[in-house]
Amino acid sequence: MSGCSTLPLPSLPDLSSELMRLVAQVPPDGLTTYGDLARALGSRNAAIWVSQWIRERSAMEPELASRVVDKLTAGSRPRFTGFSGPHALQRLEDWLRAAAKFVDERPLGRAPKLVAGIDVAYPAPDRATAAAVLVDVRTKTVVHELVVERPVDFPYISGFLTFRELPAMMAACESLAKQAYAPDVVMIDGQGRLHPHRGGVATGFAAATGLPTMGVAKSLLCGQVEKGGDASTGAMIQRVLVGDEHLGFSLRATPKAQPVYISVGGGLSLDEVLGITLSLFTTTRLPLPTHRADRLSKSTRRERLDPAAILSRIRQFEERIDADLA
DNA sequence: GCGACAG
DNA sequence: ATCTTGTCGC
Ligand SMILES: [Mg+2]
């Protein structure tokens, strides 16, 4: 990366507090919808989270459900429109755009020797475990791996995954550095530039760390897979377009495997991302670094104690082998 | 108006 | 992401 400058992650708002603040603005006899509250928070993408939040709390506070309803229930009744205060998610969305502008896609120019896969799991609703697995590209072997655990409170909102997962991912990467391991490229479980604002979690990672970073996702957030693929190789490589922008590739590890969707995070070219992905495919759906990080991040989940759960655990492990390819 | 929505 | 049983196919 040029100069290795970075774009610091912004301070994260407490969305629950923000939502409580907004709900409190609705008069006792007023009416609002999940979508209206989401818009007041700064993004209508938050409507689903708002609905979950409201429904969870309306059990203890029935009065809540009478003032906050879905759009269908609201019908044509007049709704409260006087929400005031900062739009927390708008500020975060601005940061995503800034990160997208901050990173570059210039080629690394050299084949990476070490690639670090990073993924996050949730052993409890308020805990995140981030795993980093450092892989030697030439030998396709694991050089080092680690897990860090930390609290999470930022919810999953489509388009805002960065703010839920990036802090834990960065903590894992910093832990790697403290142990004197330095990846040439970081492979993130999620989108890079294949994002509505060209700034997915892998782009955020590239901007915040200055490290060359690529995104490998299991499903598409936006964009279309171009028809007519590459039948010559088994990978079935197809371009992914957002409008007329070529932002990524769809490809698969084996003819039977489901595809993955790759894109640049920052600090390297899309062609290099493609080459690295192909070179790190094995027998599983995900390329080695991300596959191992996914499994390692989930490995610390709390065990259930009843005997029946032990069988369940075994079954789950076996299913995992199939899921790797499906 | 209806469908989509990374993890 | 997480919960979760049985079942089909290579
Ligand atoms: Mg993940």
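The chains referred to below are lettered A, B, ... by the order of the sequence lines, with proteins before strands, and numbering in each begins at 1. Keep in mind that what you see is a predicted model, and the values were worked out from it rather than measured.
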Base, sugar-phosphate, or nothing: which does [X] touch, judged by heavy atoms less than 4.0 Å apart?
X        : result
A:Phe160 : base
A:Ile157 : nothing
A:Gly159 : base
A:Asp189 : sugar-phosphate

Whole angstrom value for the distance that separates [atom2] of [N] from [atom1] of [X]:
X        : N     : atom1 : atom2 : result
A:Asn45  : B:dG7 : CG    : P     : 15 Å
A:Gln52  : C:dT2 : CD    : P     : 15 Å
A:Glu93  : B:dC5 : CD    : C1'   : 14 Å
A:Lys218 : B:dC5 : NZ    : C1'   : 15 Å
A:Asp119 : C:dA1 : CG    : P     : 7 Å
A:Glu56  : C:dT2 : CD    : C1'   : 14 Å
A:His197 : B:dC5 : NE2   : P     : 16 Å
A:Gln224 : B:dC5 : CD    : C1'   : 14 Å

Problem set entry | Within-4.5 Å side-chain heavy-atom neighbours: A:Met187 and A:Ile118 | no

Exercise. Under 4.0 Å between a side-chain N or O of A:Ser158 and OP1 or OP2 of B:dG7?
Worked result: no

Exercise. Under 4.0 Å: is that the gap between some side-chain N or O of A:Lys256 and OP1 or OP2 of C:dG9?
Worked result: no

Exercise. How do A:Lys71 and A:Ala217 order along DNA chain B: which one's closest nucleotide is nearer the 5' end?
Worked result: A:Lys71

Exercise. Ion pair present between A:Arg91 and A:Asp94, side-chain N to carboxylate O less than 4.0 angstrom?
Worked result: no

Exercise. Salt bridge check: are A:Glu63 and A:Arg67 linked by an N-O gap of less than 4.0 Å?
Worked result: yes

Problem set entry | Candidate nucleotides B:dG7, C:dT2, B:dC5, ranked by approach to the side chain of A:Lys298 - the nearest | C:dT2

Exercise. Can A:Arg164 be said to sit on top of A:Tyr122's aromatic six-ring, NZ or CZ under 6.0 Å from centre and within 45° of the ring axis?
Worked result: yes

Problem set entry | Donor-acceptor contact present, side-chain A:Gln238 to main-chain A:Glu226, <3.5 Å | yes

